[in-house]
Amino acid sequence: MDFDVAVIGASSAGLFAAVRLAQNGLRVGVFEKQKELNPARRTYIITPHLDKVFGGLPEELILHRIHMMSVEALGASVDVPLPNPDLVLERRQLVHHLVDKAEYAGAEIHFGLRFVGFEVVGGETRILLNSLNGNKINICAKAVIGADGAFSKVADAAKIKRPVTVPLMQAEVSLPSDWNPAVTKVWFDVAETRFFYWLIPESDERAVVGLIADEKADARQILDRFIHKHEFEVLAYQAGQAAMHQPGLRPWGKVGDLPVMLVGDAAGQVKVTTVGGTVTGFWAAQAAANALMNGGAYPRDLRPLKRELDLHWIIRLLLERLDNPGYAFLIESINQNVVRFLGQRNRDEMAGAFWKLIFLQPRFIGLGLRLLLGK
Ligand SMILES: Cc1cc2nc3c(=O)[nH]c(=O)nc-3n(C[C@H](O)[C@H](O)[C@H](O)COP(=O)(O)OP(=O)(O)OC[C@H]3O[C@@H](n4cnc5c(N)ncnc54)[C@H](O)[C@@H]3O)c2cc1C
């Protein structure tokens, strides 16, 4: 089997790269270790920036729209209306849609083939795959896109540093009858999690309630305590490890003469404030496809995304220094100008404008300095 591009991993980032490349006439092979197309159910909240990178998301993929984000800590709370609503999607449906789209564009998708490494023979780099029944298969391509998730084997084989990961757990629950289904809510409580809890309605009847933890073993226990306190009725659980962006990650390399580009969780292209990686994974997949189609440079095409991800990394660094009263102070400082700003600039479009917040609320200068100096 010979391809222009071999994509490892048939989930959102890899499939999106395959769609773009195949639409432009490249021979694309996608290799997925799972024996069939059966991704786990996962409810996503996604910014409207998705439309800019994806270009025309079919209406049937949008489960629900969120028009207000409510934030709470120690009894302090603020509501941020979202004039461009956030979208709620479900991963299985998204991946099925992308598989159809990639195949329609001409990509070949192979299930039950696990990437195991590279082999350089006589100046040529081969891509090594194992089938489910243990057969070893070698393929050749002019480039590889590693989209094999947070524990990327492609990264390991190409000696590219992998991101750290955090456990994410959410419970599907019945939406309480007094809850406005257009409102998503975030609670900060650093005694339980250095990140936050959330409730995201996915319809007028159902929602997911979740948290990001530090240890996988603790996630379920902490989440169940929160669920018990709020008397949510659990229907099912969703869980996984999410990658975390760090400014030092360089998600590209070469094995022999074969260029290797990582996209999505494999590359740590995840906003560490919210641990959202779907839009940013699409964004990187588009950058990798652009670089391959136009003979450009992936690191250069990644720069706008990296700026955005680095900003989220800095915000997280500062947030980690807040205690619960600090979060309450932050929330109480969010005036109407800041609310308008946050409503207009979504979480994928912060870089380049974030500094404006200090003019909208001068209190942030003092708070930022105190956090930077650790006081
Ligand atoms: C519970 C939960 C909730 C989340 N909620 C949100 C949210 O609301 N919004 C948001 O933006 N993000 C969310 N995320 C993060 C989001 O799921 C990820 O950022 C996104 O799925 C990354 O996509 P990906 O294509 O890079 O990798 P993945 O979805 O991890 O896919 C990797 C693919 O590679 C395959 N693979 C792995 N190893 C190999 C191998 N050796 N050979 C071949 N194939 C291989 C895997 O089987 C898989 O299909 C959530 C994550 C979790 C766990």
Side-chain angles (χ1 to χ4, degrees), residues 6-18 29-47 49-50 53 63 66 86-92 94-95 98-99 109-117 127-132 137 144-157 162-163 165-172 184 198 200 202 208-213 216 219 223 236-245 251 262-285 288 346-348:
V7 177
I8 310 299
S11 184
S12 46
L15 288 167
F16 190 61
V30 183
F31 302 92
E32 165 58 49
K33 70 176 181 183
Q34 300 296 335
K35 77 168 189 288
E36 57 191 10
L37 178 58
N38 190 19
R41 208 183 122 74
R42 211 176 266 178
T43 309
Y44 285 156
I45 186 161
I46 282 178
T47 72
H49 192 71
L50 177 69
V53 279
L63 296 184
I66 299 295
D86 274 4
L87 308 173
V88 180
L89 271 64
E90 197 280 303
R91 179 205 198 191
R92 285 177 71 101
L94 178 65
V95 170
L98 285 167
V99 164
I109 305 183
H110 299 268
F111 288 93
L113 287 180
R114 175 190 293 268
F115 168 86
V116 289
I127 300 156
L128 310 180
L129 305 163
N130 278 359
S131 74
L132 290 172
I137 294 161
V144 170
I145 293 184
D148 51 339
F151 300 98
S152 172
K153 286 281 169 296
V154 178
D156 292 349
R162 271 204 274 122
T165 68
V166 288
L168 226 147
M169 177 162 264
Q170 53 188 16
E172 297 174 34
T184 191
W198 61 84
I200 305 165
E202 66 168 55
V208 284
V209 174
L211 98 158
I212 307 155
K216 201 171 163 185
L223 181 60
Y237 286 93
Q238 306 173 1
Q241 291 288 126
M244 299 284 277
H245 172 74
L262 305 180
V263 297
D265 275 26
Q269 286 150 343
V270 176
K271 299 183 291 283
V272 297
T273 48
T274 60
V275 195
T278 309
V279 175
T280 44
F282 284 152
W283 192 343
N346 69 59
R347 305 177 296 287
D348 287 301

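As the structure lists them, so they are numbered: ligands from 1, and atoms in each ligand from 1.
- Ion pairing between a basic and an acidic side chain is recognised when a charged N comes within 4.0 Å of a carboxylate O; D86 and R347 show such pairing.
- For R114, the CZ atom sits in a loose shell: 12 or fewer heavy atoms of surrounding residues, nucleotides or ligands are nearer than 6.0 Å.
- Proximity of Q238 to V208: side-chain heavy atoms (C-beta onward) are separated by under 4.5 Å at one or more points.
- Ring geometry, H49 versus W283: the interplanar angle falls from 30° to 60°, so the pair is classed tilted.
- To the nearest 0.5 angstrom, L262 atom CG is 10.0 Å from I145 atom CD1.
- F282 and S12 get closest at one heavy-atom pair: CE2-O, 3.4 Å.
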Need the list: ligand 1 N/O atoms against protein N/O atoms, distance under 3.5 Å, rounded to one decimal.
residue, atom, partner, partner atom, Å
ligand 1, 8 (O), I45, N, 2.8
ligand 1, 9 (N), I45, O, 3.1
ligand 1, 11 (O), G277, N, 3.1
ligand 1, 11 (O), T278, N, 3.0
ligand 1, 11 (O), T278, OG1, 3.0
ligand 1, 12 (N), G277, N, 3.2
ligand 1, 12 (N), T278, OG1, 3.3
ligand 1, 17 (O), R42, NH1, 2.9
ligand 1, 17 (O), Y44, OH, 2.7
ligand 1, 19 (O), D265, OD1, 2.7
ligand 1, 21 (O), Y44, OH, 3.1
ligand 1, 23 (O), S12, OG, 3.3
ligand 1, 25 (O), S12, N, 3.3
ligand 1, 25 (O), A13, N, 3.0
ligand 1, 26 (O), D265, N, 2.9
ligand 1, 29 (O), S11, OG, 2.7
ligand 1, 29 (O), R91, NH2, 3.2
ligand 1, 31 (O), S11, OG, 3.4
ligand 1, 41 (N), F115, O, 3.2
ligand 1, 42 (N), F115, N, 2.9
ligand 1, 44 (N), K33, N, 3.2
ligand 1, 47 (O), E32, OE2, 2.6
ligand 1, 49 (O), E32, OE1, 2.6
ligand 1, 49 (O), E32, OE2, 3.4

